[in-house]
Participant: 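Before we start, here is the structure in question, set down as structure tokens.
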There are 4 protein chains.
Amino acid sequence: MTPVQRSEASRQAILNAAIELVDEVGYAKLSIEGIASRAGVGKQTIYRWWPSKGAVLFDAVLDRSEPEGATALPDTGDLAADLKLVLRATVDEFNDPRQDRLLRALALEIARDPQLAELYRERLDGPMHERKKARLKSAGLHESIDLDVAVELIWSPLAQRWLNHGALTHAFADAVVDTALRGLQHD
Amino acid sequence: MTPVQRSEASRQAILNAAIELVDEVGYAKLSIEGIASRAGVGKQTIYRWWPSKGAVLFDAVLDRSEPEGATALPDTGDLAADLKLVLRATVDEFNDPRQDRLLRALALEIARDPQLAELYRERLDGPMHERKKARLKSAGLHESIDLDVAVELIWSPLAQRWLNHGALTHAFADAVVDTALRGLQHD
Amino acid sequence: MTPVQRSEASRQAILNAAIELVDEVGYAKLSIEGIASRAGVGKQTIYRWWPSKGAVLFDAVLDRSEPEGATALPDTGDLAADLKLVLRATVDEFNDPRQDRLLRALALEIARDPQLAELYRERLDGPMHERKKARLKSAGLHESIDLDVAVELIWSPLAQRWLNHGALTHAFADAVVDTALRGLQHD
Amino acid sequence: MTPVQRSEASRQAILNAAIELVDEVGYAKLSIEGIASRAGVGKQTIYRWWPSKGAVLFDAVLDRSEPEGATALPDTGDLAADLKLVLRATVDEFNDPRQDRLLRALALEIARDPQLAELYRERLDGPMHERKKARLKSAGLHESIDLDVAVELIWSPLAQRWLNHGALTHAFADAVVDTALRGLQHD
DNA sequence: ACGTAAGCGAGACGGTACGTCATGTCTTATA
DNA sequence: TATAAGACATGACGTACCGTCTCGCTTACGT
């Protein structure tokens with residue numbers, strides 16, 4: 001199962017090249033040939049190990065994010081404040097052109113390829129989703145609330161607005177948190 | 001400004017071909033050459049009038065959806081019920097493979113191209129967004145609630161889950177509505 | 001039938017590039033990509049008009065040889081002397097590295113591809129063969145002699161020795177002529 | 001000098017595979033990878049012992065033809081009849097598709113590679129050439145005749161016509177013999 | 001009414017990238 | 001130490017589209 005002779009040097013060169021090129025030329029102009037050439041690698045070495053350029057990019061992001069990705073969400077006891085902190089950070093990330101390019105490329109590829117989406121859920125989104133649920137749970141929400149739905153209620157508006165090139169501000173992040181926590185119909 | 005001699009027959013043939021081809025071969029394999037050939041049209045006729053294949057597709061969708069798109073949202077007085085009705089219909093739409101392919105192609109192109117996103121906001125999403133706000137407003141929500149945020153709170157989770165190839169069910173639609181209306185922190 | 005829009009400039013550039021490259025890198029390393037790149041032409045333009053690199057080379061040789069190829073063989077009345085003159089010239093041609101490379105490439109391609117051989121017979125070898133027969137006929141050979149066979153008897157030894165990288169000298173050319181004219185069994 | 005541990009089984013498998021594959025896919029599509037795979041052998045084992053695929057093929061032909069190749073030419077006392085017999089057999093060989101493919105591959109490789117040509121002369125063509133000369137000598141030709149030239153006069157037309165995909169018949173073989181023996185200028 | 005300019009279908013053009021194949025070198029594990 | 005297996009960098013293959021261009025043809029205007 002595990003390849004015997006696979007070159008780790010080539011693998012790293014390919015992942016680096018992919019990330020650099022997405023940043024430099026954008027995802028639309030990212031090509032296998034470009035990655036191979038930048039990485040000093042034969043095209044076949046890419047085709048041997050990855051089924052698509054999306055998969056390469058995914059692996060690249062995965063490879064670079066795993067160490068830091070394990071951190072839990074802040075828990076100061078003030079749910080609203082903690083969520084606003086996190087969502088504002090996300091807003092900043094989306095507003096950083098380099099991050100934007102990389103994340104958008106990834107998101108597009110996932111939206112296009114169900115297999116990649118599955119992999120994404122398993123390896124990146126799933127664990128993060130669990131951490132989000134854990135944070136909500138520790139806030140002691142009413143037990144009738146479905147935490148999966150709650151998480152999506154809070155995080156989707158940001159993602160959606162980002163994908164549609166809408167304006168992303170801290171104020172919007174705050175408003176989402178406030179509205180979600182309070183609900184639309186309250187007395 | 002307005003083209004004098006533009007052939008409406010060619011325009012229609014192109015838009016038809018685009019929609020058919022997205023359905024048949026998927027957006028990734030949609031090509032200008034393919035559209036031109038299917039439509040029995042010279043490539044130049046496409047390049048003359050549209051800047052990108054995304055724009056063609058967008059026009060095609062626009063052209064076909066405008067008549068029906070103008071309808072208002074249901075307003076029976078029961079906000080939760082009305083929203084569930086609408087969201088369930090959206091779920092069904094996303095779950096229909098033909099609709100899925102077309103809408104996904106459109107969404108991807110909008111996510112990729114800010115200009116198209118702008119056009120989308122102006123022509124399709126904006127008006128719909130206004131209708132959604134109007135429905136919420138008629139429900140007499142607390143005045144402190146930002147209706148733009150409220151709309152995104154309700155509609156984003158569906159769109160987001162759809163893009164990520166998550167399971168879309170009526171139950172999920174219902175849960176989103178209930179959770180959003182009630183809020184996470186209630187007594 | 002005749003292409004309306006074919007670019008004569010591209011055609012010439014391709015034929016030139018082919019001839020230059022055969023001379024520079026040899027036929028084995030001649031590639032369509034190389035020709036296209038040297039000619040400043042898209043690969044498709046070559047594939048559009050020629051079925052193989054052999055066909056390109058053939059056309060190139062044809063294009064350059066047609067004007068001069070029409071000349072008749074010398075006829076001084078002395079058959080032996082005339083033939084020796086021509087065969088010695090052929091020997092010189094084969095011994096010139098540039099000519100050798102081009103002609104060998106052509107000969108190999110013809111030996112490999114029956115269709116090309118047919119074309120070769122029609123366009124280049126056939127007319128030349130007729131001129132050779134005409135020269136022999138004017139010498140007043142015995143009427144029982146098959147001129148086609150006679151021509152091959154005289155010209156094949158040179159070609160064969162050349163293909164097999166044997167030594168090609170004027171003496172050999174002379175000996176072939178003498179032996180062929182006199183015959184092996186004479187009194 | 002002699003390899004100590006060379007595997008004779010692999011050698012035979014490689015030569016077999018080469019001959020089979022030339023027959024099946026033709027020389028143009030013959031590849032080292034194909035031979036190795038068909039022979040169940042590592043590519044390196046081929047590269048270790050042969051400099052080119054032409055050399056492999058050459059060895060294969062050599063290996064299979066040496067036993068029978070040693071036979072002398074017929075000598076019934078009637079030179080013309082004996083030569084016709086031999087040349088007709090050659091015609092038949094060239095007209096047999098399996099033989100044609102193999103011999104043509106070999107001839108092309110020899111025409112392309114002077115080193116191989118040298119080897120060919122030493123190992124296959126040289127001995128056969130001597131036998132041809134011996135047969136002519138025994139016929140008591142005039143002493144002024146160069147036997148090397150005489151041999152080429154008789155055998156080249158067949159080979160040349162074959163390479164150029166001309167029609168090869170027994171009649172042609174007979175005509176070549178008659179014309180060569182009689183000579184073009186006779187009384 | 002008629003020439004002229006536009007839009008049109010067709011498709012050639014110089015390019016880029018695709019995904020595949022074979023090259024010849026190399027490394028690993030087996031016998 | 002030769003071998004079977006196969007990864008590797010390289011480079012060519014033949015195909016698909018890109019976006020631009022040039023061809024004749026048709027069609028509608030403006031004189």
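Chain identifiers are assigned alphabetically (A, B, ...) following the order of the sequence lines, protein sequences preceding nucleic acid strands; residue numbering begins at 1 within each chain.
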Participant: For D:Lys53 and E:dT23, what is the distance between atoms NZ and P respectively, to the nearest whole Å?
Facilitator: 6 Å
Participant: Contact list please: residues 31-46 of chain A against DNA chain F, heavy atoms, distance less than 4.0 Å, in numerical order.
Facilitator: A:Gly40, A:Val41, A:Gly42, A:Lys43, A:Thr45
Participant: Would you say the side chain of A:Ile35 lies within less than 4.5 Å of the side chain of A:Leu21, judging by non-hydrogen atoms?
Facilitator: yes
Participant: Write down the distance between CH2 (B:Trp50) and P (F:dG19), rounded to a whole number of angstrom.
Facilitator: 15 Å
Participant: Cut-off 3.5 Å, side chains only: do B:Arg11 and B:Asn16 have a donor facing an acceptor?
Facilitator: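 B:Asn16 and B:Arg11 do not have a side-chain donor-acceptor pair below 3.5 Å.
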Participant: Could you say whether A:Tyr47 or C:Ser10 is positioned toward the 5' end of DNA chain E, judged by the nucleotide with the nearest heavy atom to each?
Facilitator: C:Ser10
Participant: With a 4.5 Å heavy-atom cut-off, do C:Leu62 and C:Tyr120 have their side chains touching?
Facilitator: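 C:Leu62 vs C:Tyr120: side chains apart.
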Participant: Is any side-chain N or O of D:Arg48 closer than 4.0 Å to OP1 or OP2 of F:dT3?
Facilitator: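 For F:dT3, OP1/OP2 do have a side-chain N/O of D:Arg48 under 4.0 Å.
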Participant: Rounded off to whole Å, could you give me the CD1-to-C1' distance for the A:Ile14 and F:dA9 pair?
Facilitator: 11 Å
Participant: For the pair made of CD in B:Gln5 and P in F:dG30, what is the distance, rounded to whole Å?
Facilitator: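 Taking atom P of F:dG30 as the reference, CD of B:Gln5 is at 10 Å.
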Participant: For the pair made of CZ in D:Arg6 and P in F:dT3, what is the distance, rounded to whole Å?
Facilitator: 7 Å
Participant: With a cut-off of 6.0 Å (strictly less than), are more than 12 heavy atoms of other residues, nucleotides or ligands near CZ of C:Arg98?
Facilitator: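 No, because the 6.0 Å sphere around CZ of C:Arg98 holds 12 heavy atoms or fewer from other groups.
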Participant: Charged N to carboxylate O under 4.0 angstrom, B:Glu24 versus B:Arg101?
Facilitator: no
Participant: Output the residues of residues 19-27 of chain C in contact with DNA chain F, where contact means a heavy atom of the residue under 4.0 Å from an atom of the strand; sort by number or write none.
Facilitator: none
Participant: Whether the side chain of C:His165 engages the backbone of D:Gln115 through a donor-acceptor N/O pair (distance < 3.5 Å, no angle test) should be reported.
Facilitator: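 Checked: no pair found.
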Participant: Can you tell me if CD on D:Gln12 sees more than 12 non-hydrogen neighbours from other groups inside 6.0 Å?
Facilitator: yes
Participant: Backbone N or O of C:Ile32 within a donor-acceptor pair of the C:Lys43 side chain at under 3.5 Å?
Facilitator: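 Pair absent, no side-chain N/O of C:Lys43 close to backbone of C:Ile32.
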Participant: Expressed as a whole number of angstroms, how long is the span from C:Glu8:CD to E:dA12:P?
Facilitator: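 Going from CD in C:Glu8 over to P in E:dA12 covers 16 Å.
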Participant: Is A:Arg104 paired with A:Asp100 through a side-chain N to carboxylate O contact shorter than 4.0 Å?
Facilitator: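 Between A:Arg104 and A:Asp100 there is a salt bridge, with a charged N closer than 4.0 Å to a carboxylate O.
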Participant: Check the phosphate of E:dG11 against C:Trp49, side-chain N and O only, distance under 4.0 Å to OP1 or OP2. Yes or no?
Facilitator: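 No, no such contact exists.
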